[in-house]
Amino acid sequence: MAALGKRSIWSWCRSRFLRIAVVPLLTVLVCAVSADQTEEYLKREHSLTKPYQGVGSSSSSLWDLMGSVLVTPQYVRLTPDQQSKQGAVWNRMPCYLRDWELQVHFKVHGQGKKNLNGDGFALWFTKDRMQEGSVFGSKHNFVGLGVFVDTYPNEEKQHEKKRYSAGNEQRIFPYVSAMVSNGSLTYDHSRDGRPTELGGCTAMVRNLNHDTFLVIRYVKRRLTVMIDIDGKQEWRDCLDVPGVRLPRGYYFGASAATGDLSDNHDIISLKLYQITVERTPTEEKADKEVFIPSVDNMKLPGVEDAAESMSGFALFLIIFFSLLGLVFAGVILLIVYNKWQERSRKHFY
């Protein structure tokens with residue numbers, strides 16, 4: 001009986017402890033997690049995954065190929081490890097999602113020894129698609145977003161450590177950077193895109209024996225790029241830029257190029273996720289539709305020029321209608337004055 005009494009008391013104490021301490025704590029934790037929770041949905045119409053059935057060869061395929069692309073059951077090779085090659089893959093469907101995340105599984109490898117490889121690849125979310133050019137195989141005056149994995153420093157070729165100094169800052173290649181353009185800016189390949197970049201980070205991605213990933217996240221007008229290249233299955237921050245305004249209805253793509261130096265640039269998968277996040281009424285009101293790519297607190301030449309030309313035209317209209325108004329007012333005053341004089345003469349006589 002004594003043993004039974006002890007067990008009963010222990011059971012009662014344990015249940016009270018669970019109800020009083022543990023359950024409320026778990027409730028708080030669950031609420032805290034759900035408050036910041038976002039939901040992700042894979043959008044297959046914007047994703048490129050194995051085994052790439054019909055890619056580039058079927059009229060029903062959602063992806064088009066351009067240049068020297070090779071499709072195998074294991075990867076989509078944008079360029080082979082050969083000189084002067086360009087290749088690209090582009091989604092046929094425009095993306096109208098407001099918030100999204102693009103997860104990229106890639107591999108860069110080649111026979112070239114250290115510092116004897118190039119040039120890199122780019123990931124795109126742009127107004128135009130399937131446009132060849134000098135920026136990693138795509139057009140240089142693009143409209144939209146470009147994220148670049150640059151494996152060779154063109155500005156200063158220091159072959160020992162692949163670094164250059166700009167002020168007090170050193171840059172080590174390969175290097176990941178991002179750029180937003182409205183078509184008035186161009187990626188300066190000779191300077192590795194530095195004049196127009198939003199930010200970036202070093203990413204040693206060549207000839208690795210483990211999987212390498214990059215993620216581009218665009219949520220609430222905030223652009224975030226992270227990398228997972230160390231084989232630890234952990235994301236590492238690369239850049240984080242608020243106030244990025246991208247229109248909807250643009251196209252996703254990936255392109256690569258080689259020059260005198262080369263590499264294999266392989267895309268293993270592109271997975272696009274729709275991100276569902278809660279917005280406050282204030283955020284909803286401020287989140288207006290965007291028609292021209294821009295970044296807050298960053299002046300884009302085209303926008304400035306357009307604003308100036310518009311302000312000039314507006315000034316002309318203001319002056320024109322002001323003069324017209326003055327003439328009209330003058331005529332009215334003249335009529336009123338003549339009427340007043342007429343009445344004055346009648347009153348005098």
Does a side-chain heavy-atom distance below 4.5 Å link [X] with [Y]?
{"X": "His109", "Y": "His265", "value": "no"}
{"X": "Leu48", "Y": "Val55", "value": "yes"}
{"X": "Val215", "Y": "Leu102", "value": "no"}
{"X": "Tyr250", "Y": "Pro293", "value": "yes"}
{"X": "Leu198", "Y": "Leu223", "value": "yes"}
{"X": "Pro247", "Y": "Phe291", "value": "no"}

Do you reckon [X] sits in the same ILVMFWY cluster as [Y], going by side-chain contacts under 4.5 Å, direct or chained?
{"X": "Tyr41", "Y": "Val104", "value": "no"}
{"X": "Leu70", "Y": "Phe121", "value": "no"}
{"X": "Phe125", "Y": "Leu97", "value": "yes"}
{"X": "Met93", "Y": "Leu270", "value": "yes"}
{"X": "Ile229", "Y": "Ile216", "value": "yes"}

If you compare all heavy atoms of [X] against all heavy atoms of [Y], which two are closest, and at what distance to 0.1 Å?
{"X": "Ile172", "Y": "Thr202", "value": "O-OG1, 2.9 Å"}
{"X": "Ser138", "Y": "Ser255", "value": "CB-OG, 3.8 Å"}
{"X": "Val69", "Y": "Met66", "value": "CG2-O, 3.2 Å"}
{"X": "Leu239", "Y": "Gly199", "value": "CD2-O, 3.3 Å"}
{"X": "Thr79", "Y": "Ser68", "value": "CA-OG, 4.0 Å"}
{"X": "Tyr218", "Y": "Leu246", "value": "OH-N, 3.0 Å"}

Contacts of Trp63 meeting ring-ring contact (aromatic ring centres under 6.0 Å, His included) (sequence neighbours excluded), chain-then-number -> none

Aromatic ring pairing [X]/[Y], orientation class (parallel under 30°, perpendicular over 60°, tilted between):
{"X": "Phe213", "Y": "Trp235", "value": "perpendicular"}
{"X": "Tyr187", "Y": "Phe148", "value": "tilted"}
{"X": "Phe142", "Y": "Trp124", "value": "perpendicular"}
{"X": "His189", "Y": "Phe136", "value": "perpendicular"}

From [atom1] ([X]) to [atom2] ([Y]), nearest 0.5 Å:
{"X": "Asp263", "Y": "Asp119", "atom1": "CG", "atom2": "CG", "answer": "9.0 Å"}
{"X": "Arg221", "Y": "Lys288", "atom1": "CZ", "atom2": "NZ", "answer": "11.5 Å"}
{"X": "Gln103", "Y": "Leu42", "atom1": "CD", "atom2": "CG", "answer": "9.0 Å"}
{"X": "Leu123", "Y": "Leu145", "atom1": "CG", "atom2": "CG", "answer": "9.0 Å"}
{"X": "Ile292", "Y": "Lys127", "atom1": "CD1", "atom2": "NZ", "answer": "8.5 Å"}
{"X": "His105", "Y": "Asp228", "atom1": "NE2", "atom2": "CG", "answer": "9.5 Å"}

inquiry  = Would Phe106 and Asp211 count as a side chain to side chain contact (heavy atoms under 4.5 Å, CB included) here? Give the steps.
reply    = CA-CA 7 Å; Phe106 67 93; Asp211 292 331; over 6 Å; no

- Message: For a side chain to side chain contact (heavy atoms under 4.5 Å, CB included) check, start with the C-alpha distance between Tyr152 and Leu116, then their side-chain angles and the critical distance, and finish with the verdict.
- Response: CA-CA 8 Å; Tyr152 186 73; Leu116 295 175; over 6 Å; no

ask   = Between Glu40 and Arg217, does at least one N-O distance fall below 4.0 Å, as a salt bridge requires?
value =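 Looking at Arg217 together with Glu40, the answer is yes, because their closest N to O distance falls below 4.0 Å.
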
What verdict does the salt bridge (charged side-chain N to carboxylate O under 4.0 Å, His left out) test give for Asp240 and Arg222, after you've listed the backbone C-alpha separation in whole Å, the side-chain angles of each residue and the deciding distance to 0.1 Å? CA-CA 7 Å; Asp240 184 17; Arg222 192 178 198 96; 2.9 Å; yes

More than 12 heavy atoms of other residues, nucleotides or ligands under 6.0 Å from [atom1] of [X]: yes or no?
{"X": "Glu283", "atom1": "CD", "answer": "yes"}
{"X": "Glu45", "atom1": "CD", "answer": "yes"}
{"X": "Asp260", "atom1": "CG", "answer": "no"}

(message) Test salt bridge (charged side-chain N to carboxylate O under 4.0 Å, His left out) on Lys43 and Glu101; report intermediate values, then the result.
(response) CA-CA 10 Å; Lys43 306 300 287 184; Glu101 179 178 287; over 6 Å; no

Quick check against the 3.5 Å criterion: does [X] have a side-chain atom that pairs as donor or acceptor with the backbone of [Y]?
{"X": "Asn264", "Y": "Gly110", "answer": "no"}
{"X": "Glu197", "Y": "Val176", "answer": "no"}
{"X": "Asn182", "Y": "Ser184", "answer": "yes"}

**Study point:** Met179/Ser181 under side chain to side chain contact (heavy atoms under 4.5 Å, CB included): CA gap, chis, key distance, verdict
**Key:** CA-CA 7 Å; Met179 169 184 169; Ser181 175; 3.9 Å; yes

| said: I'd like to know if the side chain of Ser58 pairs up with that of Ser60 as donor and acceptor (distance under 3.5 Å, no hydrogens or angles considered). | reply: yes

Check step by step if side chain to side chain donor-acceptor pair (under 3.5 Å) holds for Thr280 and Thr282.
CA-CA 5 Å; Thr280 64; Thr282 303; 4.6 Å; no

inquiry  = Please evaluate residues Arg279 and Asp99 with respect to the criterion salt bridge (charged side-chain N to carboxylate O under 4.0 Å, His left out), reporting the C-alpha separation (whole Å), side-chain torsions for both, the decisive distance (0.1 Å), and the verdict.
reply    = CA-CA 11 Å; Arg279 282 178 168 80; Asp99 303 293; 2.8 Å; yes

Exercise. Checking side chain to side chain contact (heavy atoms under 4.5 Å, CB included) for the pair Met226/Arg236: CA distance, chi angles, key distance, verdict?
Worked result: CA-CA 5 Å; Met226 296 181 288; Arg236 174 158 58 90; over 6 Å; no

Non-neighbouring partners of Asp128 that pass salt bridge (Lys or Arg N to Asp or Glu O under 4.0 Å), sequence neighbours left out: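 Expected list: Lys139.
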
Between Asp287 and the options Lys220, Arg245, Arg98, the salt bridge (Lys or Arg N to Asp or Glu O under 4.0 Å) test singles out Arg98

- Task: Let me see the working for Asn91 and His46 under side chain to side chain donor-acceptor pair (under 3.5 Å), right down to the final yes or no.
- Result: CA-CA 6 Å; Asn91 193 201; His46 301 299; 2.7 Å; yes

> What pairs of residues pass the salt bridge (charged side-chain N to carboxylate O under 4.0 Å, His left out) test when at least one of them lies in residues 66-93, not counting sequence neighbours?
Replying inline: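 Sorted result for residues 66-93: Asp64-Arg92, Arg77-Asp266.
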
Self-check item: Tyr96 six-ring face occupied by Arg248 cation (under 6.0 Å, within 45°)
Solution: no

Go through the steps for Trp100 and Phe252 under the test ring-ring contact (aromatic ring centres under 6.0 Å, His included), then give the verdict. CA-CA 12 Å; Trp100 48 264; Phe252 287 103; 5.0 Å; yes

